[in-house]
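Side chains included, hydrogens not; waters and symmetry mates left out as well; all remaining heavy atoms used. Lettering follows sequence order; numbering is per chain, from 1.
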Amino acid sequence: MTDSYHPARIEPDIQQHWEAQAAHRAERGSGERFYCLSMFPYPSGKLHMGHMRNYTIGDVISRYLRMCGRRVLQPMGWDAFGLPAENAAMANGVPPAEWTRRNIAHMRTQLKSLGFAIDWERELATCDPDYYRWNQWFFLRLLERGVAYKKTGVVNWDPVDQSVLANEQVVDGRGWRSGALVEKREIPMYYLRITDYAQELLDSLDQLDGWPERVRTMQANWIGRSEGAEISFACGTETIKVFTTRPDTLMGATYMAVAAEHPLARKAARDNPALAEFIALCQQGGVSEAELATQEKLGMDTGLKAIHPLTGAELPVWVANYVLMGYGEGAIMAVPGHDERDFEFALKYELPIVQVVSLPDGRAYDASSWHEDYVVKSGQLLNSGPYDGLSCEAGFEAIVNDLESRSAGRARVQFRLRDWGISRQRYWGCPIPIIHCDHCGDVPVPDEDLPVRLPEDLVPDGAGNPLARCEAFVNTTCPKCGRPARRETDTMDTFVDSSWYFLRYTCSDNDQAMVDEQTNAWMPVDQYIGGIEHAILHLLYARFWTKLMRDEGLVAVDEPFARLLTQGMVLAETYYREDAAGRRQWFNPADVDVERDDKGRFVRALLRSDGQPVHAGGVEKMAKSKNNGVDPQALVDQYGADTVRLFSMFAAPPEQSLEWSDAGVEGAWRFLKRLWSGVRAHLDTGSAGGGLDPTRLDQAGLELRRLLHETIAKVGDDFGRRYTFNTAIAAIMEFSNHLNRYQQEPAADRSLCQEAWTGIVRLIAPVTPHIAEALWQSLGHAGSVFDAGWPAVDESALVRQTVTLVVQVNGKVRGRLALPPDSPREQVEHLAMAEENVRRFVEGQSVRRVIVVPNKLVNIVVG
RNA sequence: GCCGGGGUGGCGGAACUGGUAGACGCGCCGGACUCAAAAUCCGGUUCUGGAAACAGAGUGAGGGUUCGAUUCCCUCCCCCGGCACCA
């Protein structure tokens, strides 16, 4: 053992040793299986702090459970298809395949240098044909079952680049490269019927009790089940079908509104140029919901009249940009009296507003301004003819019944969730295995011809999909009739790739089948860890895909992830200077020095290169745009993997955002140095001397041993149940402070010190595995610390001689009592009253109550 | 706009079931060691008053429930995540 801690010397050796021993192979061990999965990274170039944090959390859990005797699978792979590779190709002229594979190689090296207990034999990349062939194979099964189907969908269209744009490529309504105004355009796409699974996806959320409540709530709201009615309004020879959650307010409907894309709107526009112009206006802008929901409400009368199915009254039909074609029927009955958006619209276009539900406490209705209580369902119907006086519930039922008897409507459940469009007009993705034949139509590629390989040498240029221009790919023959035909050039949404990768890890060596019996042996994933930003889409699609595979008889589980941990973002301070035009130039925190006053408060920040001040821009998510990224690799090179791992686990609990601090890293480094020198000092005193005999310990020894076993209990609880690694580490630090102090006493018991150090080394091992292995051997053990087992709590060591009770008067602390545990209530009260300081506050007042919480607190209520 | 989450010392955070607010770490202040510096070690550190004992205030703002509220309820402010083609 060296005198001081040198991570650069020990870490590579230990990593090589693990590799030589195949220490992280999932088949090792004999205990119950545990599948610990971290969300796989997009290979963007190099590891960032978010990855580092995510995988450290997974590694701590994996290594802790491994020490507890579980057989742990911790795999790793690459979410390797996607837009950034195409953007990099445009910038550098390098094919996405080459760029991606180079990034993977580099990031794999980085992950290895961090010492994660990953079973690398199962590694996969979604851009490998061996992986994506199964996307294609399963897509064909879904097509056979009718789960996959084709229909048109709306996309962002850049008229200059002649390209479909992703939502993030639309900036302020314009294409990010061309600057052209973006238009909505309808194109044919493949969809998956996730709405057929909406009810099951909603219902089984209840079983996911290992998921954070907020994620379940977000998913439930996303699925958005609502009970209401479908109502048909005659409109000339056509019918306008609407869905409403408030059929009870039908008598308050004063106009109809349809989406700009609604067939009726298009028809009406044919001989109405003004309306056609308005519809064209609605086609401008992007398709994202945030954009649609925040735009100004606009509308135009079509001149058409719809017939109210109960009263026969004529209602004007409007086109309105707040009605979405993608939700419900693309048309609504507007009840401005009891819907805020309809109200706003009616007020703007001077449409009639009718109150049909009475307000609570007989409040007066005000048709000139909106009030929240207009949507309440607790009142009685009025202005509703035969339904007057009914409650909303009764009115709902009566009106739906009447509609049904006239074949003008029925009760129906509607989901907010829409079917999943999986077609992407992009090159770097999994080809959709379809061949278009002029004679046979859309023909699935036969299973034996899979995979449809993506050519890997194309370079996108931003103008459309290069795959569509790749003759060698596009031109083929029809599998049915053998005549010349064209391949589909759309690729799959990358969410398809990430919807089942966790299944493939369990059987990645099987080239005959998508999954096998190993899959059912490992599934479900016991613990899934990833960013909160995936709370809805990725997790919902993965749940859905798992159910699809279950219904195909491929997997046994209903739900893929038993327990979910959503980690927070990694943040860092930002610094900038403003130029004359008000543009900000951002400086990396590593290049800035901070001056503080003598109370440690921030005074100013100076750029190291020129000594001149910069502005502090607050703490933000690490991002290229703010130049506040901290490179984990630089820190690993400087301090070693253990220090970086330790700080990232210590600085915040996993669910919260983590603020990066170089000074904090320094603190983690100091702790590991003290740990090293503490063990070193212990070993320098000579032999540990026989076994520990607790009965021969003095007061200080008993106290230290109690702290040791309290710490073992606390750390095990924090690692195993709470997943609050920060408090586990704090407890280990606290105990090691005590131990360092204790072992400097001349009367310190050497055997107790030995027990304590071997305890600490095992407790910290999941977080800082390299130093733990090294110290474990220094303390005289052969073999790996991860084979040593988790330390056991000695219950007898936990017994306390005294407990401290707080004495309060009227809820304010006025004194403390040191008493044997479980002292009788009378004695506690008596001693509390006798306290000098307590008497001062009780004197002259009458004692009304005395509350005693055993072993904790006495509160004397006076007054 | 809609859905979800958060706000505690100079800073990151702790307080797990309504019971001592500020564990642990950073920073800062003072001291030891050193020719000196770095590193290391020891002590102090919520704010206000006080030499101290101690007292008062204090968990985004305001109100409520309770013997007792960071924790439960109501109203408001600010920050962050998601919104279906970023992953």
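Partner of A/Arg424 under the side chain to side chain donor-acceptor pair (under 3.5 Å) criterion, out of A/Asp490, A/Asp493, A/Asn465: A/Asp493 alone.
A close approach under 4.0 Å does not occur between any side-chain nitrogen or oxygen of A/Asn737 and OP1 or OP2 of B/C24. Under 4.0 angstrom from either OP1 or OP2 of B/A55 there lies at least one side-chain N or O belonging to A/Asn837. The shortest distance between the side-chain N/O atoms of A/Asn810 and the OP1/OP2 oxygens of B/G68 is not below 4.0 Å.
Taking atom CH2 on A/Trp211 and atom P on B/G4, their separation rounds to 17 Å, with Å as the unit. Remark: P of B/C3 and CD of A/Glu213 are 17 Å apart, rounded to the nearest angstrom. Going from atom CH2 of A/Trp222 over to atom P of B/C3 covers 13 Å, rounded to whole Å. To the nearest angstrom, C1' of B/A84 lies 14 Å from CG of A/Leu201. Distance CZ (A/Arg416) to C1' (B/A84): 8 Å, rounded to an integer number of Å. The nearest whole Å value for the distance from the CD1 atom in A/Ile729 to the P atom in B/A14 is 12 Å. We find that CD of A/Glu655 is positioned 19 Å from P of B/G12, with the value rounded to whole Å.
The nucleotide whose nearest atom lies closest to any side-chain atom of A/Arg722 is, among B/G13, B/C16, B/A14, B/C16.
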Dump every N/O contact between nucleotides 72-77 of chain B and the protein below 3.5 Å, one line per pair.
none

What does the list of N/O pairs under 3.5 Å between the protein and nucleotides 5-10 of chain B look like, with a distance for each?
none

So which protein nitrogen or oxygen atoms get under 3.5 Å of nucleotides 85-87 of chain B's nitrogens or oxygens?
from	atom 1	to	atom 2	distance (Å)
B/C85	OP2	A/Arg424	NH2	2.4
B/C85	O4'	A/Arg424	NE	3.2
B/C85	O3'	A/Asn167	N	3.4
B/C85	O2'	A/Asn167	N	2.6
B/C85	O2	A/Arg426	NE	3.4
B/C85	O2	A/Arg426	NH2	2.1
B/C85	N4	A/Gln425	OE1	2.6
B/C86	OP2	A/Asn167	N	3.4
B/C86	OP2	A/Glu168	N	3.0
B/C86	O4'	A/Glu168	OE1	3.2
B/C86	O4'	A/Glu168	OE2	3.3
B/A87	OP1	A/Leu83	N	2.9
B/A87	O3'	A/Asp79	OD2	2.5

All N/O pairs under 3.5 Å across the protein-nucleotides 57-61 of chain B interface:
from	atom 1	to	atom 2	distance (Å)
B/A57	OP2	A/Lys812	NZ	2.7

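With salt bridges taken as basic N to acidic carboxylate O contacts below 4.0 Å, one links A/Arg825 and A/Glu829. Comment: A/Arg426 does not engage A/Glu86 in a salt bridge, judged by the lack of any side-chain N to carboxylate O separation of less than 4.0 angstrom.
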query = Reading nucleotides 37-46 of chain B from the 5' end, what letters show protein touch, with B for base, S for backbone sugar-phosphate only, - for no heavy atom under 4.0 Å?
reply = --SSS-----
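From A/Ile760, atom CD1 reaches atom CG of A/Leu708 across 7.5 Å, with rounding to the nearest 0.5 Å. Atom OH in A/Tyr132 sits 10.5 Å away from atom CE in A/Met492 (nearest 0.5 Å). One finds the CH2 atom of A/Trp222 at 13.5 Å from the CG atom of A/Leu201 (value rounded to the nearest 0.5 Å). Atom CG of A/Leu739 is separated from atom CD1 of A/Ile732 by 12.5 Å, given to the nearest 0.5 angstrom. Remark: A/Asp342 CG to A/Leu347 CG distance equals 12.0 Å, nearest 0.5 Å.
A/Arg848 contributes no side-chain N or O that forms a donor-acceptor pair with the base of B/C67 under 3.5 Å.
Along RNA chain B, the nucleotide nearest to A/Thr294 and the one nearest to A/Ser657 differ in position, and the one closer to the 5' end is contacted by A/Thr294. In terms of position along RNA chain B, the nucleotide closest to A/Phe647 lies nearer the 5' end than the nucleotide closest to the other residue of the pair A/Phe647 and A/Ile851.
Among the heavy atoms of the strands, none lies under 4.0 Å from A/Tyr723. Contacts of A/Leu417 with the nucleic acid, taken as non-hydrogen atoms under 4.0 Å apart, include base atoms. Across all strands shown, A/Met39 has no heavy atoms under 4.0 Å from either base or sugar-phosphate atoms. When heavy atoms are screened at a 4.0 angstrom cut-off, A/Val861 is found touching the sugar-phosphate backbone but no base atom.
Put simply, the side chain of A/Gln169 gets close to the backbone of A/Ala166: a donor and an acceptor are under 3.5 Å apart. The closest donor-acceptor contact from the side chain of A/Asp419 to the backbone of A/Ile194 lies under 3.5 Å. The main-chain N or O of A/Cys127 is never found under 3.5 Å from a side-chain atom of A/Trp428 such that the two would form a donor-acceptor pair. Panel note: side chain A/Ser163, backbone A/Asp158; no donor-acceptor pair is recorded below 3.5 Å. Without hydrogens or angle criteria, A/Asn628 side chain to A/Thr574 main chain gives no donor-acceptor distance under 3.5 Å. Between the A/Thr491 side chain and the A/Tyr427 main chain, no donor and acceptor come within less than 3.5 Å of each other.
When ring centroids are compared, A/Tyr5 and A/Trp669 come within the 6.0 Å threshold.
Shown here for A/Tyr575 and A/Ala616, the closest heavy-atom pair between the two residues is CD2-CA, 3.9 Å.
More than 12 heavy-atom neighbours from other residues, nucleotides or ligands sit within 6.0 angstrom of NZ on A/Lys184. Around the CZ atom of A/Arg341, the shell of radius 6.0 Å holds no more than 12 heavy atoms that belong to other residues, nucleotides or ligands. Atom NZ of A/Lys151 sits in a crowded spot, with more than 12 heavy atoms from other residues, nucleotides or ligands closer than 6.0 Å.
The C1' atoms of B/C16 and B/G10 are separated by 28 Å, rounded to the nearest whole Å. Taking atom C1' in both B/A23 and B/C33, one finds a spacing of 30 Å when rounded to whole Å.
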ask   = Could you spell out the base pairing of RNA chain B in dot-bracket, with Watson-Crick or G-U pairs whose two distances are under 3.5 Å, [ ] crossing and | to another strand?
value = (((((((..(((......[....)))((((((.......))))))((((....))))..(((((..]....))))))))))))....
